[in-house]
Amino acid sequence: MLDIKLLRNDPAAIAIELKRKGYHLDVENFIQLENTRKDLQVATQALQKERNIRSKSIGQAKAKGEDIKPLLAEVADLGDKLKAGEQQLSELQAEIESIVMGIPNTLHEDVPDGKDEEDNVEIATWGEPKQFDFEPKDHVDLGLPNGWMDFEVAAKLTGSRFVVMRGAMARLHRALIQFMLDTHSMEHGYSEVYVPYMVNEDSLYGTGQLPKFAEDLFKLEDERDFYLIPTAEVPVTNMIRGDILDAEQLPMKYTAHTPCFRSEAGSYGRDTRGLIRQHQFEKVELIQFVKPEDSWDALEELRGHAETILQKLGLAYRTVILCSGDTGFSAKKTYDLEVWLPGQQKFREISSCSNVGDFQARRMQARYRNPETNKPEFLHTLNGSGLAIGRTLVAVIENYQQEDGSIVVPDVLKPYMGGLEVLKP
RNA sequence: GGAGAAGUGGCCGAGAGGCCGAAGGCGCUCCCCUGCUAAGGGAGUAUCUGGUUUAUCCCGGAUCGAGGGUUCGAAUCCCUCCUUCUCCGCCA
């Protein structure tokens, strides 16, 4: 959520900023609604004030034993007028709120202009795309013959975009999770949390998935309006919803492993093969809560933490900064890490690290007490994948494959593989 | 799943239709006093929001788990929901 005061003061300037993100803000409509709201609110509050004064005097008269009948007659029609005004006002406020909740975050000035992912800008690379002296297979061809990956069984169990993994592959998948959690919690200063995989609507409003992106989510058939989480960002970030933290508690860093559930509505036909785009995948997430002045440094740090994982795994990657049109709804600035996949001869997104600024904090009413002003102020939130497990598995097996279809276990994963050094078909 | 109890400021806790945004205590901040320590005295100390502009000040409005309702007036009465606790049942 943007600062409503900024929006009121200069909606035109905000509209120009939002245009970079491809969002059209109807300034005239907004100003008109705001003006109506202001009039209505002033009028309603005046009525409330009168009601309060009169009620108080009735109480005082009654205490003195005076006849209150004439006083009651005076306020007879006040109640109806007030009720009508209050209802009108709350409807209008709800309308304004729904507009404001649907407005994306503004961008950092570093973010390059652009329309879509074609315009993202590469800012760094690490490692060299691996050269093979044979034709490298993609992860599906590596996984299928051994029964390591089974998409048909998964389709029988559930449907498309699911997988069953077996044996050493399932273990390698698990090893990645352990390795990442251990690295972030023991070397990068994050505290590990275990969180619910279902959340309520308030949480999804808090991080920005609702109200706009309901179609991307799986909603449970249940009167409680629970949703499966699309990312650990939702439960972990919402842990501090409604809180006022002490300044000394910041920065707060959390890491969590969770499955992520995404409906992938609108991506029919894209990445239909293999593990790249599934309805259910695992992810190790990094979340930071920081003071406003620290969030840009924190973004660089967080990105470094995600990059460390790729480096330790020895996987070549490039870092891109998302252009204005590709940056997500809540983010001020986002780096994507793209890993080299020999099977596709392409870099593919494996992590996304964003500084959200105070956008989610506003929605969540998540604040800290600024010792200088002694006032509660919105903190800043950041999130990043560290990393997406399914795609990391893809990268590992494609990059560590050998001509006979076996897969060498990267050194850092060996402690988690019970002595297994090569996955043999 | 059944029966019962309870949700009030940073914390504890009073409050039972009006003078209650809320006693009292603890904690915290500032000041005074005491040579230091210990103790004592005084003042302050919720959040959101409107007028209203960057901020202060001032004057309003709202908020006592959430949402509805009754009433001139609700922390207080009624309804629904959520959460916590106790007992029973079931269960990984």
Side-chain angles (χ1 to χ4, degrees), chain A residues 1-14 30-31 33-97 100-101 194-206 220 222-227 235 238-250 292-293 358 360-379:
Chain A
M1 196 162 86
L2 297 179
D3 184 350
I4 190 93
K5 280 181 186 153
L6 278 177
L7 259 176
R8 283 173 193 156
N9 287 345
D10 201 353
I14 305 252
F30 182 79
I31 291 176
L33 285 173
E34 259 300 294
N35 287 338
T36 313
R37 186 224 100 233
K38 193 182 279 188
D39 294 344
L40 203 60
Q41 182 160 350
V42 169
T44 303
Q45 290 187 352
L47 283 175
Q48 286 173 325
K49 184 182 177 184
E50 188 175 346
R51 191 250 346 250
N52 290 347
I53 291 171
R54 302 235 179 193
S55 293
K56 202 165 267 191
S57 65
I58 288 172
Q60 286 165 348
K62 207 173 168 189
K64 288 185 208 152
E66 292 169 7
D67 182 16
I68 59 169
K69 277 225 179 80
L71 290 171
L72 284 179
E74 277 177 42
V75 292
D77 63 328
L78 228 173
D80 289 340
K81 267 206 298 199
L82 184 57
K83 200 164 274 184
E86 279 175 341
Q87 196 186 338
Q88 240 186 314
L89 179 63
S90 77
E91 281 168 12
L92 187 59
Q93 281 174 326
E95 190 182 346
I96 291 173
E97 169 157 313
V100 173
M101 289 292 268
Y194 169 82
V195 293
Y197 302 159
M198 301 175 207
V199 291
N200 59 32
E201 287 189 313
D202 287 346
S203 294
L204 289 156
Y205 274 95
L220 299 182
D222 183 285
E223 69 277 8
R224 281 171 293 196
D225 292 327
F226 290 163
Y227 292 77
N238 274 280
M239 287 200 299
I240 60 160
R241 188 173 74 227
D243 290 348
I244 300 174
L245 305 175
D246 293 330
E248 308 86 72
Q249 292 178 269
L250 301 178
E293 62 268 28
D358 64 6
Q360 291 174 331
R362 251 176 228 291
R363 290 176 161 244
M364 297 192 299
Q365 288 293 308
R367 291 161 293 171
Y368 79 107
R369 197 170 292 279
N370 184 337
E372 285 172 28
T373 60
N374 207 31
K375 289 255 157 56
E377 292 175 15
F378 292 113
L379 46 79

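Chain letters run A, B, ... following the sequence lines, proteins first, then strands; residues in each count from 1.
Nucleotides B/rG51 and B/rU56 place their C1' atoms 16 Å apart, quoted to the nearest Å. If you take atom C1' in B/rC20 and the same atom in B/rC28, they sit 24 Å apart, rounded to whole Å. B/rG7 and B/rG67 have their C1' atoms separated by 16 Å, given to the nearest Å. For B/rG65 and B/rA6, the C1' atoms lie 11 Å apart once the distance is rounded to whole Å.
With A/Arg363 contributing its side chain and A/Tyr205 its backbone, the two residues share a donor-acceptor pair below 3.5 Å. Checked by atom type and distance alone, the side chain of A/Asp225 never pairs as donor or acceptor with a backbone atom of A/Glu201 at under 3.5 Å.
Of the candidate nucleotides B/rG50, B/rA62, B/rU47, B/rA62 has the atom nearest to the side chain of A/Asn52. Of the candidate nucleotides B/rG50, B/rG18, B/rA46, B/rG50 has the atom lying nearest to any side-chain atom of A/Arg37. Comparing B/rA46, B/rG50, B/rU56 by their closest approach to the side chain of A/Arg369 singles out B/rA46. Minimum atom distance to the side chain of A/Ser55 is reached by B/rG73, of the listed B/rC48, B/rG73, B/rU49. Nearest to the side-chain atoms of A/Asn9 among the listed nucleotides B/rG50, B/rG61, B/rU54 stands B/rU54. Comparing B/rG51, B/rG50, B/rU47 by their nearest atom to the side chain of A/Ile244 picks out B/rU47.
Base engagement by A/Lys62 is indicated by at least one non-hydrogen atom pair under 4.0 Å involving a base atom. If you check every strand for non-hydrogen atoms under 4.0 Å, A/Arg51 touches sugar and phosphate atoms only. Here A/Gln48 lies in heavy-atom contact (under 4.0 Å) with sugar-phosphate atoms only.
RNA chain B is contacted by both A/Ile58 and A/Ile4; A/Ile4 maps to the nucleotide lying nearer its 5′ end (nearest heavy atom per residue). Toward the 5' end of RNA chain B, the nearer of the two residues A/Lys375 and A/Arg224, judged by each one's closest nucleotide, is A/Lys375.
Taking atom CE of residue A/Met364 and atom P of nucleotide B/rU47, one finds them 19 Å apart after rounding to whole Å.
For B/rG60, its base sits under 3.5 Å from the side chain of A/Gln45 at one donor and acceptor pair at least.
Ion pairing between a basic and an acidic side chain is recognised when a charged N comes within 4.0 Å of a carboxylate O; A/Glu86 and A/Lys83 show no such pairing.
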Hey, mind stepping through A/Arg367 and A/Ile244 against side chain to side chain contact (heavy atoms under 4.5 Å, CB included) and telling me if it holds?
CA-CA 5 Å; A/Arg367 291 161 293 171; A/Ile244 300 174; 4.0 Å; yes
